[in-house]
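Quick notes on the structure that follows.
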Amino acid sequence: MSLDLGIWLLLFLSLFLGVPIFVSLGMATFIALTATNIPLSIIPLDLFKVSEMFPLIAVPAFILAGALMERGGIAQQIVDVCSLFVGRIRGGLGLVTILGCMFFAAMIGSGPSTVAAMGALMIPSMIRRGYDKDYAAAVTATGGTLGILIPPSNPMIVYGVIANVSISGMFMAGFIPGAMVGTVLMVTAYLLARRRGYKGDGKRYTVSEAMQVIRKSIWALMAPIIILGGIYTGIFTPIEASMIAILYSFFVGTVITKKLKPLELWESLKLTSMTTGVVLVVVSVSMLFGRFITMYQVPQRLTEVMLSISTEPTVVLLLIFVFLFFLGMFMETLATIAIVTPIVLPLLGQLGIHPIHFGIFLIMTNEIAMLTPPLGVNLFVAMGITKLSLEKVALAALPYVGALIVCVLLVIQFPQIVLWLPQMLGIK
Amino acid sequence: MKERLKWVIDNLEEILCAFFLVATVILMSSQVFYRYFFGKSIASAEELARIAFLVMVYLATAHAAKHGRHVRVTAQFRLFPSAWRKYFIMFADMIWLFFNGVVIWQGILLYQSMNQFPLKSAVLDLNLKYAFAVIPIAFLLQSIRILERYYKLYRAGRLEQLATDGEEF
């Protein structure tokens, strides 16, 4: 048995024992290093490298922005506007939830935060209007997955850093697939609501009422325009945009809605620090793990195996999709991206798959991963709000998982869905 | 006074992270305004923000450890009687502490070697050995937090709670 096989086994054993993911990765690399003459000081040196992956600073920043928007009333304004447009349709509140998630996703970049923000508002109001709890939980958990597909997006930032792809390019590429997936999910939510016989909110707005809602929510409506507009016009970088998002939501929450008090600020900062610790340490240790991967030429060998099966990009992407689907049941988004990207990247070049196309494909498979048990972060957040069991929520989310799979297959088959917009705008 | 001190010690990571986060936000957004209105950028702002970010990541790691929130794969535990779970977690945490030990040990060695071969930052000419020292210090803090948590749970007779580690987000 070769040494590297032993290390893989050790890695799986340690994950199986419940060792935190970042420690498992670190230990595997440590053991691999002891078998070579590379000095162990590479461990702290590699951990230090997180400061070189500077765009990652946008990850905690967008989390903080999301927390401030949720507590500062911007999320509520979004819900008001979305009700105006789709509230009346059958199963309208489900549609409002998804549309609200799309909107919210255009301001922040995390899936679970989107579920938390929209779920806190929409789940209670759906239950009040007689929607079943499991429907409410599933539609929110699913809508929240758009948080990572519609720019800005934290996983896209991580992918951009690791794969050395333009983050602005990724952000543009996410636009059309985001709109597509949002539409597909709304249709799914509508069909499910029809079968269950849910009604809309029955509210009709006169023109002046509608204008009033829009005027009242103008601050929320401006947020995506400022954040995305600033990125696309080049006034600020995607990383700086996250800082602007914080300032903006802080300003609106303290000056306009006056809902942000010192306690809410402290809670938001604490939440940000917690999430940062959980998420970014995995990314930083995965850099270390990347050494082990390159030492044993894992990407090269994977490329050989894949190319021996097929040289057709579509087939290879399908195979990767199946693999990621199962991996996603057990792995968290950023950890998956941090580990998979360096392994697969060389293969992409060989097959002529555009790294932006692959990036969006990877993000979309991770949307599914957020909804598949036993580890589905969005399910967990929705469970927390509804107090339903994992099985119940996961089952109710199943039709949406089906819808997302269809979307991924479309993106595999038609790379232009992803690449058209960035290429139009001159990103190679 | 004593209570206030206890609060600060208990919330040390949160307080420091909040400070560095707010500092980063201020540094980087002033960068945007400065560039927009004056057409120049401040190179030192980004360098400071990089170091603040490094400190933040590893302090936040200790923060999450303090509450037992680091991501673990836990689905397989459903295969075993639930009483076994905490023993799995305890064993896993010993491996965790060992790994932290390796990081601390190597981090200190690296720090010492940087006394001989100083490394300066590009813009501000800061001695980077202090930034490197963050890693062993933060991992030491993290280990202390893990042990502290065990101690607190043991004192409260709630060691069972270990079984839920890594489940919530």
Side-chain angles (χ1 to χ4, degrees), chain A residues 14-24 26-27 30 40-45 47-48 50-52 54 56-57 60-61 64 112 230 235-237 239-240 242-244 246-247 266 269-270 272-282 284 329-332 335 373-375 377 380-381 384, chain B residues 11 13-14 17-18 21-22 24-25 28-29 31-32 35-36 46 49-51 53-54 56-65 67 69-78 85 88-89 91-93 95-96 98-100 102-103 105-107 109-110 113 131-132 135-136 165-169:
Chain A
S14 117
L15 288 173
F16 183 81
L17 284 170
V19 179
I21 292 178
F22 85 90
V23 179
S24 301
M27 275 302 282
F30 167 66
L40 286 174
S41 60
I42 205 81
I43 296 176
L45 274 170
L47 292 178
F48 189 77
V50 79
S51 66
E52 283 163 32
F54 191 59
L56 291 179
I57 184 77
L64 178 61
I235 294 177
F236 37 73
T237 64
I239 297 93
E240 289 161 347
S242 63
M243 306 294 157
I244 303 295
I246 295 176
L247 288 186
W266 174 238
L269 285 165
K270 258 192 349 194
T272 309
S273 148
M274 179 77 86
T275 322
T276 307
V278 170
V279 164
L280 286 187
V281 76
V282 180
S284 97
M329 291 177 163
F330 303 96
M331 289 269 286
E332 189 272 341
L375 193 138
V377 281
F380 292 168
V381 180
Chain B
N11 293 279
E13 295 90 342
E14 291 93 317
C17 278
L21 189 58
V22 172
T24 311
V25 175
M28 292 207 55
S29 31
Q31 169 97 313
V32 177
R35 190 181 53 221
Y36 191 72
E46 189 174 317
R50 273 171 198 274
I51 294 171
F53 177 55
L54 175 88
M56 212 162 65
V57 169
Y58 291 112
L59 281 176
T61 309
H63 176 199
H67 298 281
R69 296 282 281 274
H70 277 289
V71 193
R72 306 167 190 253
V73 182
T74 52
Q76 71 283 9
F77 292 157
R78 286 165 189 252
R85 249 173 110 142
F88 269 108
I89 298 280
F91 183 70
D93 286 353
I95 297 177
W96 187 357
F98 175 80
F99 175 71
N100 284 4
V102 172
V103 175
W105 166 48
Q106 286 300 327
L109 288 184
L110 186 67
S113 77
F132 272 96
I135 292 169
D165 271 22
E167 286 255 288
E168 289 169 43
F169 284 82

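The chains referred to below are lettered A, B, ... by the order of the sequence lines, with proteins before strands, and numbering in each begins at 1.
Contacts between B:Ala62 and chain A at a heavy-atom distance below 4.5 Å are absent for every atom of the residue. Interface remark: B:Ala65 contributes no atoms to any contact with chain A (heavy atom separation under 4.5 Å). If you measure heavy-atom distances from A:Ile42 to chain B, you find no contacts under 4.5 Å at all. Heavy-atom distances place the side chain of A:Ile43, and not its backbone, under 4.5 Å from chain B. Only the side chain of A:Leu247 comes within less than 4.5 Å of a heavy atom in chain B; its backbone stays farther off.
When the ring-ring contact (aromatic ring centres under 6.0 Å, His included) test is applied to A:Phe236, no partner is found at least two apart in sequence or on another chain. Checked against side chain to side chain contact (heavy atoms under 4.5 Å, CB included), A:Thr276 has the following partners two or more places apart in sequence or in another chain: A:Pro60, A:Thr272, A:Leu280, B:Ala60.
Considering only heavy-atom pairs separated by less than 4.5 Å from chain A, the leading option among B:Phe77, B:Phe132, B:Phe88 is B:Phe132. Interface summary for chain A: among B:Val103, B:Leu109, B:Val102, B:Ile89, the most heavy-atom pairs under 4.5 angstrom belong to B:Val102. When each of B:Glu14, B:Glu13, B:Met56 is checked for heavy-atom pairs under 4.5 Å with chain A, B:Glu14 comes out on top. Among B:Ile95, B:Val22, B:Asp93, the residue making the largest number of heavy-atom pairs under 4.5 Å with chain A is B:Ile95.
For the atom pair CD1 of A:Ile246 and CE of B:Met28, the computed distance is 10.0 Å after rounding to the nearest 0.5 Å. Interatomic distance, B:Leu21 CG to A:Met243 CE, rounded to the nearest 0.5 Å: 7.5 Å.
In this structure, the side chains of B:His70 and A:Val281 come closer than 4.5 Å at one or more pairs of heavy atoms. Residues A:Leu17 and B:Arg72 have side chains not in contact (no heavy-atom distance under 4.5 Å, counting atoms from C-beta outward). Taking the side chain as every heavy atom from C-beta outward, A:Glu240 and B:Arg35 approach each other to under 4.5 Å. Taking the side chain as every heavy atom from C-beta outward, A:Phe48 and B:Leu110 never approach each other to under 4.5 Å.
When all heavy atoms of B:Ile135 and A:Pro44 are compared, the closest pair comes out as CD1-O, 3.5 Å. Of all heavy-atom pairs spanning A:Val23 and B:Trp96, the tightest one is CG2-CD1, 3.2 Å.
Residues B:Phe99 and A:Phe30 keep their aromatic ring centres 6.0 Å or farther apart.
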